[in-house]
Amino acid sequence: MATLGELHAREEARFVDTHPRSRELAERARASLFEGVPMHWMRKWPGGFPVFVRDAKGARFVDVDGIDYVDFCLGDTGAMTGHAPDPTLRAIREQAAKGITLMLPSEDALWVSQELTRRFGVSAWQFALTATDANRFSIRLARHLTGRPKVLVFNWCYHGTVDETFATLEDGVVGPRSGNLGPPVNPAETTRVVEFNDVDGLERELAHGDVAVVLTEPALTNVGMVFPEPGFQDALRALTRKHGALLAIDETHTICCGPGGYTAAHGLEPDIVTIGKPIAGGIPAAAYGFSEETAARLAGKIELEDVDVGGIGGTLAANALSLAVMRATLAEVLTEEAFARMIPIAERWTAGVDAGIARAGLPWHVSRLGCRAEYLFSPERPRNGAEAHAAGDVALERYMHLFALNRGILLTPFHNMALMSPATTEADVDRHTEVFRDAVLELSGYN
Ligand SMILES: Cc1ncc(COP(=O)(O)O)c(C=O)c1O
């Protein structure tokens with residue numbers, strides 16, 4: 001039986017052979033792009049160089065070598081709407097002709113904020129261009145409001161490039177997450193870290209009385225999936241209230257649960273909701289909203305003279321284009337009906353992967369949250385970030401991704417995540433099921 005290294009080498013040779021045009025562009029890119037890519041994460045694609053895209057529509061794209069792919073990465077959720085949805089395109093065309101950015105509000109801001117209130121419950125919204133910024137600004141305002149210095153996050157969380165969140169726990173000690181580039185200070189100074197689902201740890205850390213805000217995804221989606229155990233969300237809410245910390249729920253990925261994300265699907269009561277990525281179909285846009293009570297506490301606490309230099313907002317934030325596009329995308333693309341199609345498609349994907357794992361007899365499992373699904377290289381669902389992180393296997397992951405890529409399937413290059421868009425079809429999923437089955441049968445030596 002071939003080793004994983006041999007299988008990977010075979011797939012890499014196949015990838016290089018079948019992507020001559022992408023290879024040529026990647027070689028040329030080294031002359032003018034740092035390490036050959038326009039954004040550093042793109043180094044992570046398996047195969048030695050990234051596929052260069054010619055065009056994308058719906059759940060598919062075609063690369064510069066003319067190869068057609070089913071896209072389950074969907075821009076790592078930025079294109080959860082499917083690529084270039086028609087209502088989004090129409091709004092881009094119409095608004096771009098009428099002005100892109102003015103530093104003045106447009107009426108769309110009212111519609112979008114009312115719609116976000118209807119979906120997520122919190123009622124005082126601000127806009128940003130990225131989910132990272134929505135989280136950064138929320139943290140700043142939480143500190144300003146409470147007068148407390150620290151943020152509490154869960155181990156192996158991801159909330160964008162927010163300095164305070166790049167902290168992990170090792171043997172109970174907080175330190176910089178591995179690979180964190182140039183941390184401004186040791187995050188132990190800014191951050192408390194607890195394992196997800198650890199109610200006692202949460203109580204212990206909050207009891208210090210110095211936490212301004214707990215920032216979390218309602219279920220972790222960035223280290224494999226980790227679901228809250230029954231009662232954990234209630235305990236989180238009760239403990240943050242008891243100890244005077246705000247609760248910020250980051251719905252950037254968990255919008256996969258439905259139009260109002262996990263918050264609406266499970267009746268959460270956050271003080272702050274943050275969201276970005278797909279809400280404008282991939283046009284940069286993000287939002288953060290405060291509950292009525294939190295907004296009332298904040299009211300009047302920001303000096304008029306300093307509103308533009310206080311550390312929140314940005315020149316292009318809330319621009320007219322992104323608001324018009326958010327309006328069209330929320331009204332016509334990320335609708336209730338769309339989720340009613342996407343979620344069963346994700347169930348089909350999960351069933352296909354489950355069947356492949358069972359047939360190959362591998363000690364893996366697959367999880368699903370709304371229209372997002374993911375397989376992990378461990379037999380049991382992880383209870384927390386540390387367990388999920390320990391189940392990672394970079395070599396295996398890269399092989400699975402490259403095997404799929406060589407057969408016209410794109411998975412998110414970070415862990416084994418797949419996302420369904422309103423345009424994803426049963427046939428797209430069945431193609432993945434076949435390719436996944438072939439990959440795991442080969443790995444387990446059945447082929
Ligand atoms: C939960 C969550 N929040 C925030 C972000 C940051 O998004 P962006 O990179 O668009 O700022 C991410 C990115 O993966 C995320 O997964």
Side-chain angles (χ1 to χ4, degrees), residues 37-45 72-81 120 126-140 142 151-167 177 179-181 191 196 213-228 247-257 260-263 268 270 272-289 312-314 316-318 322 325-326 329 334 367 369-374 385 388-389 411-419:
V37 286
M39 201 276 279
H40 220 223
W41 301 1
M42 296 182 195
R43 282 183 59 208
K44 199 138 188 191
W45 290 108
F72 290 105
C73 167
L74 295 169
D76 190 14
T77 310
M80 191 179 111
T81 50
F120 294 100
Q126 289 282 280
F127 294 96
L129 294 179
T130 64
T132 297
D133 271 354
N135 286 328
R136 287 201 306 115
F137 302 157
S138 298
I139 288 174
R140 275 186 176 266
V151 173
L152 188 148
V153 296
F154 292 103
N155 204 17
W156 295 106
C157 67
Y158 186 76
H159 296 283
T161 55
V162 179
D163 288 321
E164 292 89 337
T165 63
F166 283 118
R177 183 181 174 135
N180 184 208
L181 305 171
T191 309
F196 204 67
V213 60
V214 175
L215 173 63
T216 185
E217 290 189 277
L220 303 185
T221 67
N222 278 297
V223 59
M225 279 191 200
V226 182
F227 296 141
L247 175 59
I249 294 289
D250 181 345
E251 288 280 8
T252 301
H253 274 187
T254 46
I255 179 72
C256 61
C257 295
Y262 193 103
T263 293
L268 304 189
I272 306 172
V273 170
T274 65
I275 184 161
K277 297 205 184 184
I279 58 170
I283 291 284
Y288 54 112
I312 63 164
L316 300 181
S322 66
V325 179
M326 260 185 272
T329 304
L334 289 177
S367 292
L369 191 63
C371 65
R372 179 186 305 278
E374 164 131 29
H389 187 255
L411 292 166
T412 312
F414 327 112
H415 38 104
N416 306 307
M417 193 162 75
L419 193 63

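Every heavy atom of this structure was used, including side-chain atoms; hydrogens, water molecules and symmetry mates were not. Counting starts at 1 for both ligands and their atoms, following the listed order. Predicted, not measured: the structure shown is a model, and the values here were computed from it.
- Closest approach of Phe227 and Ala219 over heavy atoms only: CD2-CB, 4.1 Å.
- Atoms CG and CZ, from Leu419 and Arg372 in turn, are 5.0 Å apart once rounded to the nearest 0.5 Å.
- Sorted by chain then number, the residues whose non-hydrogen atoms approach ligand 1 to under 4.0 Å are Thr130, Ala131, Thr132, Asn135, Tyr158, His159, Gly160, Glu217, Asn222, Asp250, Thr252, His253, Lys277.
- Of the charged side-chain nitrogens involved, none lies within less than 4.0 Å of a carboxylate oxygen, so that Arg136 and Asp163 do not count as a salt-bridged pair.
- For Trp41 and Phe414, the ring centers sit closer than 6.0 Å to each other.
- Between Thr254 and Thr221, the closest side-chain pair of non-hydrogen atoms falls below 4.5 Å.
- More than 12 heavy atoms of other residues, nucleotides or ligands lie within 6.0 Å of CZ in Arg177, so this atom counts as buried by the packing criterion.
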